[in-house]
Amino acid sequence: MLEARLDTANLFKSAVDAIKDLVQDCNFDCNDSGIALQAMDNSHVALVSMMLKAEAFSPFRCDRNIALGVNLTSLTKVLRAAGRDDTLTLKAEDAPDVLNLVFEATAQDRISEYDLKLMDIDQEHLGIPDTEYAATISMPSAEFKRITTDLMAMSESVTIEATKDGVKFSSTGDIGNGSITLRQHTPVDKPNETVEIELSEPVALTFSLKYLTNFCKAQPLSNQVKLCLSAEVPLMVEYGLEGGSYLRFYLAPKIGD
Amino acid sequence: APFQLDLYNYFLTS
């Protein structure tokens, strides 16, 4: 059986909120190393890969592999009932029909309990290759959100160009064009504001802003976001969580002209 | 017009 308890429901609420508009039905694959999810959007443009390691929970117990087939719209409805600071416990039997969720507000001695019906989801597990990216950019997640929102007003796509001088986000649309350039920036006193660019070779790729703004819903999960780019391969956008857990999005580039 | 890489095929073959 599965039993996994989070100190604050916040993490799970934000993670589900960040992916629910991209994918509808997906399996939460549980085993002794944690809870993983991999799902692709219907148009095959974006892939979500989430790993919540066992260490993120206390306690965590899962004796065998359990796939929880969940409709994310339904899960969102249930999670709305959880306070951000409630503890959240997920429980399921070995061959479950339901996922049991318990929210506890210890200060108020209030316990709420929900059973969410599960579904059978036949999902192909795709292999995500280890990629040596040409450019890896670490930047504040709030800054990335601001850039995608601002450029969305100009165009439906953005070109991300990484060079030794910095990273440039630019968009051209009917009303004109705009760009934002960030240079490497490592303030000693404010590590959350760090912009770091690791570059093995310059790279420029174009992406749909609709998807990128969607990914930015994960912003509350992490102060920093990592963008990994290589020519003609999917962009990886990573929100790192404590203890090696993560929420990653892969986005297909727009190729050709 | 630019086309978008099909991620399904990408991850299936890689």
Side-chain angles (χ1 to χ4, degrees), chain A residues 22-23 26 37-49 122-133 155-160 170-173 203-212 214-215 228-237 248-257, chain B:
Chain A
L22 282 173
V23 291
C26 47
L37 176 150
Q38 192 192 89
M40 186 168 285
D41 85 302
N42 286 330
S43 54
H44 292 184
V45 174
L47 178 90
V48 178
S49 173
D122 198 14
Q123 216 166 35
E124 217 165 346
H125 201 82
L126 301 169
I128 300 174
D130 276 331
T131 307
E132 291 283 328
Y133 289 99
S155 171
E156 60 181 30
S157 41
V158 59
T159 299
I160 306 177
S170 53
S171 290
T172 301
V203 58
L205 287 168
T206 301
F207 302 97
S208 158
L209 275 166
K210 185 182 80 176
Y211 283 91
L212 290 177
N214 215 317
F215 300 167
C228 301
L229 302 106
S230 274
E232 303 202 355
V233 314
L235 164 75
M236 183 178 83
V237 178
R248 289 176 183 159
F249 300 96
Y250 294 84
L251 180 62
K254 294 185 174 189
I255 294 174
D257 204 356
Chain B
F3 69 93
Q4 220 140 18
L5 198 74
D6 186 306
L7 277 198
Y8 185 79
N9 290 331
Y10 177 83
F11 285 120
L12 205 63
T13 51
S14 56

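Everything numeric in this text was worked out from a predicted model, so none of it was measured. Below, chains carry the letters A, B, ... as their sequence lines are ordered, and counting in each starts from 1. As a basis for the values below, the full set of heavy atoms in this structure was taken, side chains included, without hydrogen atoms, waters or symmetry mates.
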Side chain to side chain donor-acceptor pair (under 3.5 Å) involving A/Y133 - partner list, sequence neighbours excluded: none

Are A/Y250 and B/Y10 an aromatic pair by the rule of ring centers under 6.0 Å? no

State, to 0.1 Å, how close A/M40 and B/F11 come at their nearest heavy-atom pair, and which atoms those are. CE-CD1, 4.2 Å

Please state whether the side chain, the backbone, both or neither of A/S208 comes within less than 4.5 Å of a heavy atom of chain B. both

Can you tell me how far the CG atom of B/L7 sits from the CD1 atom of A/I128, to the nearest 0.5 Å? 9.5 Å

